[in-house]
Engineer: 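Sharing a structure, written as structure tokens. Questions coming.
All figures in this text were calculated on a predicted structure; none of them were measured in a lab. For ligands, and for the atoms within them, numbers begin at 1 and follow the listed sequence.
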Amino acid sequence: MKSDVKPSVCVVGLGYIGLPTAAIVARSGCQVHGVDVSAHVVDTINRGEIHIEEVDLDGLVHGVVSRGLLKASTEVAPSDVFVIAVPTPFDKDHAPDISYVLAAGEAVAKVLKSGDTVILESTSPVGTTEQLRDLIAARRPDLKCPGLTSETPDLSIAYCPERVLPGKILEELTNNDRSIGGITPRCARKALTFYKLFVRGECVVTDSRSAEMTKLVENAYRDVNIAFANELSIVSDQMGLDVWEVIRLANRHPRVNILTPGPGVGGHCIAVDPWFIVHGAPEHTPLIRTARGVNDGKIHHVIAHAEALIEANPGAQIACLGLAFKANIDDFRESPARLVAVTLARKYGARVKVVEPYASELPKEFAGTDAGLIDIDTALEQAQVLIVLVDHDQFKAVPLAERARHVVYDTRGIWLDQPKPSGQAAPGLKLAS
Ligand code: SAJ
């Protein structure tokens, strides 16, 4: 790839990471060929529309498609740079499944030519980039692969994870620092040239295995720290302490920064990636494994606590506030809030209603439960018990005067001024008159 000529780029996988990446690369002036197995996704993008929700993505995709810079297809096309951004789920035993990465590698291998760069972005267990290289080497013996030849290789292969936050993807894709992990230093330099086209953050060069581990470590670090906060909240409930007060005070220490308890950890990254480390070193990861258990267990603690509150308030109407996996997004997949709400709806039927400003209807597992979707005003008027599951801004904005008489179980700590029943710190079980 010559520095004065923009490379042609093929992005394989047009999901939450692949599509924004393809659009941003296209905006930088590269000709981008996007690939997805779903014909529906391909058609949607080729109309200049999007199949996922992300701030400002619709306008960006519309712009680059209408300028002819981004085209989607179900087939990989010859390009100078290939970016693989496909899912890496885990199986029922938490073993990582890299079959989508290898399938993408098979497709890419068919069209590779000397001088091309292949970059893996999918969250992957350590060693996956080398496996991808080995697959390409097996399919294309005519091309010299990095790390397998003493001559100058024909291909460059690197691992470059994304670290963007859903809801801020476009901003963070451009501004976050990146780890650029080459199979060899030369591979890293090639990948660096590509990322410099659209990344304003610092691009730090390393080897592929370190970059793979770095991605996993970032999310495991967060999971462990959220687990600490969640464990504190369970202990505080048991001791009758207000966990928010304890954390607020502890965080005044200059070297303490405890995260925020919640109903558990949702999303597709933090609850998944730590398992990739555990799977790679099962004997040496008791902390990471335990943190996963604490965060998953927090969901059941919240359900039990909410049930006790509901049982203690016979006849009361219950409003569950929020279904999303975190604040101010419309992503309900892998959401602890959703699991809590549907469990309560199944048990208590029409007494339970759900408020979710980002949903137009309840997810399908609510079918047959009699739970309805209501707005926050109706909930404040009709429900006596409010269970806060998501810290959406709309909920945070409800003033004390409108909720002072409600019984509240606030799993996110958004209403710290809520009166404590009977002088107790923990959420009380008495229905306010
Ligand atoms: N959560 C808490 N307490 C906290 C922080 C988060 O309970 O103090 C919960 C959230 O409510 C949510 C879950 O954790 O259910 C995850 O939310 P998040 O905002 O921490 O992270 P994600 O999953 O949206 O995105 C993470 C990010 N990783 C890190 O912050 C280390 C993001 O930068 C990654 O790019 C993304 O995973 C990914 O794709 O891997």
Engineer: Just to confirm my output: which protein heavy-atom neighbour is closest to atom 15 (O) of ligand 1, and how far is it?
Structural biologist: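 Residue, atom and distance for the closest contact: Phe325 O, 2.7 Å.
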Engineer: Taking distance alone, with N or O pairs closer than 3.5 Å, would you say Leu165 contacts ligand 1?
Structural biologist: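 Such a contact does not occur with ligand 1.
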Engineer: Starting from atom 21 (O) of ligand 1, find the nearest protein heavy-atom neighbour and note its residue, name and distance.
Structural biologist: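 For atom 21 (O) of ligand 1, the nearest protein heavy atom comes out as Ile270 CD1, 3.5 Å.
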Engineer: Any N or O of Glu172 that comes nearer than 3.5 Å to an N or O of ligand 1?
Structural biologist: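 No - when backbone and side-chain N and O of Glu172 are compared with those of ligand 1, no distance drops under 3.5 Å.
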Engineer: Tell me, yes or no, whether the heavy-atom count around Arg200 atom CZ, taken from other residues, nucleotides or ligands under 6.0 Å, exceeds 12.
Structural biologist: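 No, CZ of Arg200 has 12 or fewer neighbouring heavy atoms, counting only those of other groups under 6.0 Å.
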Engineer: For atom CD of Glu54, is the number of surrounding heavy atoms from other residues, nucleotides or ligands below 6.0 Å larger than 12?
Structural biologist: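 Result for CD/Glu54: enclosed.
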Engineer: In terms of ring plane angle, is the pair Tyr195 and Phe198 parallel, tilted or perpendicular, where the classes change at 30° and 60°?
Structural biologist: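 Tyr195 vs Phe198 ring planes: tilted.
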Engineer: At a non-hydrogen distance cut-off of under 4.0 Å, which region of His268 contacts ligand 1 (side chain, backbone, both, or neither)?
Structural biologist: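 Neither; nothing of His268 gets under 4.0 Å from ligand 1.
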Engineer: I want to know if ligand 1 touches Glu218 in the polar sense, i.e. an N/O pair below 3.5 angstrom.
Structural biologist: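 No; every N/O pair is 3.5 Å or more apart.
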Engineer: For ligand 1, note which part of Arg412 has a heavy atom under 4.0 Å away: side chain, backbone, both or neither.
Structural biologist: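 Contact part for Arg412 vs ligand 1: side chain (C-beta onward).
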Engineer: Only pairs under 3.5 Å count here: list side-chain donor-acceptor contacts from residues 328-345, not counting sequence neighbours, and write none if there are none.
Structural biologist:
residue, atom, partner, partner atom, Å
Asn328, OD1, Asp393, N, 2.8
Asn328, ND2, Asp393, OD1, 3.2
Asn328, ND2, Asp393, OD2, 3.3
Asp331, OD1, Arg333, N, 3.1
Asp331, OD1, Arg333, NE, 3.2
Asp331, OD2, His268, NE2, 3.1
Asp331, OD2, Arg333, NH2, 3.2
Arg333, NH2, His268, NE2, 3.1
Ser335, OG, Leu323, O, 2.5
Ser335, OG, Ala324, O, 3.1
Ser335, OG, Ala337, N, 3.3
Ser335, OG, Arg338, N, 3.4
Arg338, NE, Glu365, OE2, 2.5
Arg338, NH1, Phe332, O, 3.1
Arg338, NH2, Glu365, OE1, 2.8
Arg338, NH2, Glu365, OE2, 3.3
Thr343, OG1, Leu339, O, 2.6

Engineer: So, regarding Val164 and ligand 1 (criterion: nitrogen or oxygen to nitrogen or oxygen, under 3.5 Å), is there a contact or not?
Structural biologist: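 Val164 vs ligand 1: N/O contact under 3.5 Å present.
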Engineer: Would Thr123 count as being in polar contact with ligand 1, using the rule that some N or O on each side must be under 3.5 angstrom apart?
Structural biologist: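 Among all N and O atoms of Thr123, none is under 3.5 Å from an N or O of ligand 1.
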Engineer: Of the listed options (Glu121, Arg222, Glu334), which comes nearest to atom 30 (O) of ligand 1 when hydrogens are ignored and any heavy atom counts?
Structural biologist: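 Of the listed residues, Arg222 has the closest heavy atom.
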Engineer: Taking only residues at least two apart or on different chains, which pairs with a member in residues 26-61 satisfy ring pair (Phe, Tyr, Trp, His ring centres under 6.0 Å)?
Structural biologist: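 For residues 26-61, and leaving out neighbouring residues, there are no ring pair (Phe, Tyr, Trp, His ring centres under 6.0 Å) pairs at all.
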Engineer: For atom 37 (O) of ligand 1, what's the nearest protein heavy-atom neighbour? Residue, atom name and distance, please.
Structural biologist: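 It is Cys269 CB, 3.3 Å.
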Engineer: What class does the angle between the rings of His94 and Trp275 fall in, given that below 30° is parallel, 30 to 60° is tilted and above 60° is perpendicular?
Structural biologist: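 Parallel, since the angle between the ring planes stays under 30°.
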Engineer: Is there any N or O on Gly266 that sits under 3.5 Å from an N or O of ligand 1?
Structural biologist: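 By distance alone, the answer is yes.
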